[in-house]
Structure formats: C-alpha cells, structure tokens
2 protein chains.
Amino acid sequence: MDEALRAVADPTRRAILVLVRDREVSAGDIARHFSDISRPAVSQHLRILVAAGLLDLRRAGNRRFYRLRPEGLAEAVTFLETMWSASLGRLKDAAERQERAHTGEDDMRGS
Amino acid sequence: MDEALRAVADPTRRAILVLVRDREVSAGDIARHFSDISRPAVSQHLRILVAAGLLDLRRAGNRRFYRLRPEGLAEAVTFLETMWSASLGRLKDAAERQERAHTGEDDMRGS
DNA sequence: AAAGTGTGTAAGATGTTGCTTAAATACTTA
DNA sequence: TAAGTATTTAAGCAACATCTTACACACTTT
C-alpha cells in the first residue's frame, strides 16, 4: 500500500494512470501527452508505477505498452474508504443524538 | 486532492489518521504513540494534515485536540475508486469476450 | 507573578524526489 | 550488417521532505 500511495501522490503519475485506465498506451504515446517534461522523465514515472503494481507492461517488438492494473490500488482504496467511512459514523452519531434529544420519543430501531 | 494524497503518502501520517479516526486525541497523546520520532516531528505532521483538510483541530485550554475530518478525503477517494472501477470494466470485457467465443450462442443481455 | 505543562516554530542537517542531458539497449528495417 | 526507431538507464543537480535540537508561545496552577 505504501508504494501505491506514494506513487499516486504525484500529479504526473496520476495523469498517466488516467491515460492508461481503459486502454493500452505505448510509452511514446504517453510521453507525447506531457509536453512539459522529457521522455526519460516519463519513463522513470512508468518504472515507479510498475514497481508499485499499478501498471501492467506488455512488450511488443519495439514498443512497450502500459495499462492500468487496478488490483494494485486495492489496499490503498480500502484504507481510504475505511477512513472515509468515519464520516458516516459521525453523521449517524449526530442523528442519534438529535433523535434522543426529542424528549419522550421512542427509538423504533433496535440496539 | 493533491495535498490530501501527498499527506496520506506518508506512513506516520497514515498512522495518525487511524489514531484520530473515531475519537479526538490530544497532540501529546498522539506523539506518545510514536516512540521513534520526536514530538516536534509529530507536530509538523499534524500541521500538514490540518493544512490538507484531513484533520479538525479543537483548542481547549492548554491542549489541542485533533480528529479525523473525513470530508477531506472525498476527492482522493473518488479518484482512486474511479481508477479502481476499471477492474470491473475489465472483468466484464473478459466475460463478454469469452461468451462471444462460444460459437453460435446468443447473448441474452442487451447492448 | 513565577513556575510548570502542553504544544508549536525556527534553523539546520540529511536523505529523497523529479528533472535534465547524454549514453546505452532492444528491436526493426533497409 | 548498418542505420533507424522506441525506449530505458546513468549521472548529476536543484528542490523538497523529514528529522533533530533548541527555543518560543500559550495557557494553568501555585
């Protein structure tokens, strides 16, 4: 998870993920989308993403095709969702508190 | 989102988030959980988390109480889930391909 | 008001990241 | 096999992140 979250923390790498989400894209085509940084820079980002398990690589002749590997995000998604779900808990608590504040009203739900 | 994901990329900060997920915790109590790093280091992490919108701060007398602010994770969670959902798409595609491979079988589902 | 707690800020050392240019590798085509 | 195309690796550098120690601030208690 650590590696995946570190990888995803960089905006260029997030842009790459979006680019290869639905289809394979060659290293060159990916690099062409980033006019501001050099091809080697993109290549380094790709290496990091592959190492983090976030990208699948297929070598075909001259070229290398990258594609999102969503399973690599599993742990990161789980972690963030677990944290995120705390908001539901808080809303629920607030609702219960408010409900209890209505004096004399019975709570229909069990527990 | 960028700030939130960068904040979450650090393991110490993730540990802090877990610590304050369900309850308020004072800066000192948080720091006590990290025997390996100094109190000021923890304080700096707290500042980063607050700046990223991931922590709520309540000052009470001498102490400062921190608590998870799940809304701060909204964009990050959405992004990761969007990426993550690509796996569902892929499984669906694979299933359809396989189905089509069964010669002469009709596809019952529309589209 | 002085001393005691709890906490944050400043300054600086150290390690890490992300970029660039130059060179190397891998495969393809003439 | 020589030249061409696609891509990565190497080396070096500037910027940034994280830690530490020393200090400052804000409240509380005596």
Side-chain angles (χ1 to χ4, degrees), chain A residues 1-20 23-69 72 76 79, chain B residues 1-20 23-69 72 76 79:
Chain A
M1 173 177 63
D2 190 72
E3 229 178 338
L5 279 176
R6 271 214 318 271
V8 152
D10 182 273
T12 301
R13 288 195 285 267
R14 284 198 301 276
I16 291 176
L17 292 183
V18 171
L19 221 47
V20 302
R23 61 196 176 291
E24 273 189 341
V25 184
S26 73
D29 284 349
I30 293 172
R32 254 179 289 282
H33 275 83
F34 300 94
S35 48
D36 48 335
I37 65 176
S38 69
R39 192 158 32 238
V42 172
S43 181
Q44 284 162 19
H45 283 305
L46 290 171
R47 178 161 45 77
I48 288 168
L49 287 167
V50 169
L54 264 42
L55 250 47
D56 267 334
L57 166 59
R58 182 174 66 93
R59 310 166 71 137
N62 228 0
R63 280 173 282 185
R64 292 173 180 215
F65 291 93
Y66 292 90
R67 175 162 200 165
L68 181 64
R69 185 176 165 278
F79 173 80
Chain B
M1 173 179 62
D2 190 74
E3 229 178 336
L5 279 176
R6 273 213 316 272
V8 152
D10 182 272
T12 301
R13 287 195 287 265
R14 283 199 300 277
I16 291 176
L17 291 184
V18 170
L19 222 47
V20 302
R23 60 196 176 291
E24 274 189 338
V25 185
S26 73
D29 285 348
I30 293 172
R32 253 179 290 283
H33 275 83
F34 301 93
S35 48
D36 48 336
I37 64 176
S38 68
R39 192 159 33 238
V42 172
S43 182
Q44 285 162 18
H45 283 304
L46 290 171
R47 179 160 46 77
I48 288 168
L49 287 168
V50 170
L54 263 43
L55 250 48
D56 266 334
L57 167 60
R58 181 174 68 93
R59 308 167 69 140
N62 227 1
R63 283 174 278 185
R64 293 177 178 211
F65 291 94
Y66 292 90
R67 175 162 201 166
L68 181 63
R69 184 176 166 275
F79 172 81

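Every chain is numbered from 1, with letters handed out A, B, ... down the list of sequences.
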Find the distance [X]:[atom1] to [N]:[atom2] and express it as a whole number of Å.
| X | N | atom1 | atom2 | answer |
| --- | --- | --- | --- | --- |
| B:Phe65 | C:dT5 | CZ | C1' | 13 Å |
| A:Arg39 | D:dT8 | CZ | P | 10 Å |
| A:Arg32 | D:dT5 | CZ | C1' | 11 Å |
| B:Leu49 | D:dT18 | CG | C1' | 14 Å |

Considering all heavy atoms, the nearest [X]-[Y] contact:
| X | Y | result |
| --- | --- | --- |
| B:Ala7 | B:Ala52 | CB-CB, 3.9 Å |
| B:Leu54 | B:Leu68 | O-CD1, 3.4 Å |
| A:Arg32 | A:Asp29 | NH2-OD1, 2.9 Å |
| B:Leu5 | A:Ala9 | O-CB, 3.9 Å |
| A:Thr12 | A:Ile37 | CG2-CD1, 3.8 Å |

### Query
Under 4.0 Å between a side-chain N/O of B:Tyr66 and OP1 or OP2 of C:dG6, yes or no?
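Checking C:dG6 against B:Tyr66, no side-chain N or O comes under 4.0 Å of OP1 or OP2.
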### Task
Taking only the side-chain heavy atoms of A:Arg47 (C-beta and beyond), determine which of D:dT9, D:dT7, C:dT7 contains the nearest atom.
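Closest nucleotide among those given: D:dT9.
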Taking N or O atoms only and anything under 3.5 Å, show me the protein contacts with nucleotides 23-29 of chain C, one pair per line.
unit_1: C:dC27; atom_1: O2; unit_2: A:Asn62; atom_2: OD1; d: 3.4

### Message
Checking side chain to side chain contact (heavy atoms under 4.5 Å, CB included) between A:Arg13 and each of A:Val42, A:Leu55, A:Ile48, A:Val8, which is the one that passes?
### Response
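Running side chain to side chain contact (heavy atoms under 4.5 Å, CB included) over A:Val42, A:Leu55, A:Ile48, A:Val8 with A:Arg13 returns exactly one hit, A:Ile48.
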### Task
Would you indicate whether the side-chain heavy atoms of A:Val20 and A:Phe65 approach each other to under 4.5 Å?
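Result no, sub-4.5 Å side-chain heavy-atom pair not found.
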Taking only nitrogen or oxygen atoms into account, show me every contact under 3.5 Å that the protein makes with nucleotides 13-19 of chain C, one pair per line with its distance.
unit_1: C:dG18; atom_1: OP1; unit_2: A:Asp10; atom_2: OD2; d: 3.2
unit_1: C:dG18; atom_1: OP2; unit_2: A:Arg13; atom_2: NH1; d: 3.1
unit_1: C:dG18; atom_1: OP2; unit_2: A:Arg13; atom_2: NH2; d: 3.3
unit_1: C:dC19; atom_1: OP2; unit_2: A:His45; atom_2: NE2; d: 2.3

### Task
Measure from the side-chain N and O atoms of B:Arg69 to the backbone N and O of B:Gly53, and report whether any donor-acceptor pair falls under 3.5 Å.
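Pair found, side chain donor or acceptor close to backbone of B:Gly53.
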### Query
What is the nucleic acid contact for A:Phe34, judged by heavy atoms within less than 4.0 Å: base, sugar-phosphate only, or nothing?
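Here A:Phe34 touches no strand at all.
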